[in-house]
Amino acid sequence: MPPIRVLIVDDEVLVRSGLGLIVGSAPDLEVVGDCSGGQAEELTGALAPQVVLLDVRMPDLDGISVLRRLRALPDPPVVAMLTTFDTDEYIGTALRAGAAGFLLKDTAPEQLVHAVRVLAAGGSVLSPTVARTVISGYVDGGGPDLAATALTCRLTGRELDVLALLGEGLSNSEIADRLFLGTGTVKDHISAILGKLGAANRVQAAVIAHRAGLVRDRRDGAE
């Protein structure tokens, strides 16, 4: 299999170099380029990365603006936002704009490499502290609510199973293994789930799963 193509976008050269060394150390990952925010759209079009690691705070062009431009491309890459703050005020905005994950810049090297693989496989990634921020209500505010529960009532039993595992951050292949399904079937279920929930991406669906109590309920039931 060809290596996963990764583009790193950050305004600091040293940060880009450090992340590039970590990501590039994995034999199945290839850093095809790095740049600041102003060059991201052009390089993405030229280099066709599968995954973009994008700094959320940049002086020349902020990460949210870059994210929106990349997601508007004909064949958009998967984008994960990078930050130094686990309570970054841009978390909710980035997830609504289509970010597939949110990672702290001090994420351990092996976890960063794993995150890139999960993103390329169609999964979503949130650093643990960021996940707690999101799930506690950063995106929608408040605790578990009836609106999220009402949305999940539109789903079939199998779609609820898939959504609960999405809430745990599993990739398509991991969900397929857990439920003894084909990867293509999982993709079909996820497409149906996103449509029924009105979610723009997997992360938004995962937040709904948590807010509806699906993830907690499934875990409690397994104990």
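Between Leu103 and Ala80, the shortest heavy-atom contact is CD1-CB, 4.4 Å. Across all non-hydrogen atoms, the minimal contact from Lys187 to Asn172 is CG-ND2, 3.4 Å. For the pair Ala40 and Val66, the tightest heavy-atom approach, listed with the atom from each and the gap, is CB-CG1, 3.6 Å.
Using a 4.0 Å cut-off between a side-chain N of Lys or Arg and a carboxylate O of Asp or Glu, Arg178 and Asp161 do not qualify as a salt bridge.
Remark: Ala205 engages Leu163, Leu166, Leu194, Leu197, Ala199 in a side-chain contact (heavy atoms from CB on, under 4.5 Å) (not counting sequence neighbours). Asp188 meets the side-chain hydrogen bond (donor to acceptor under 3.5 Å, both in side chains) test with no other residue; sequence neighbours excluded. Applying the side-chain contact (heavy atoms from CB on, under 4.5 Å) test to Gln39 and every residue at least two apart in sequence or in another chain returns Cys35, Ser36. By the side-chain hydrogen bond (donor to acceptor under 3.5 Å, both in side chains) test, Glu41 pairs with no residue at all, sequence neighbours left out.
Side-chain N or O atoms of Gln50 include one that pairs as donor or acceptor with a backbone N or O of Arg5 at under 3.5 Å.
A 4.5 Å side-chain heavy-atom check between Leu179 and Arg158 finds at least one atom pair inside the cut-off.
Residue pairs that meet the side-chain hydrogen bond (donor to acceptor under 3.5 Å, both in side chains) test with at least one member in residues 22-34, sequence neighbours left out, are Arg16-Asp34, Asp28-Arg117. Contacts classified as side-chain hydrogen bond (donor to acceptor under 3.5 Å, both in side chains) and involving residues 61-81 (residues at least two apart or in different chains) are given here: Asp62-Ser65.
When the options Val52, Val32, Val116 are evaluated for a side-chain contact (heavy atoms from CB on, under 4.5 Å) with Val6, the one that passes is Val116.
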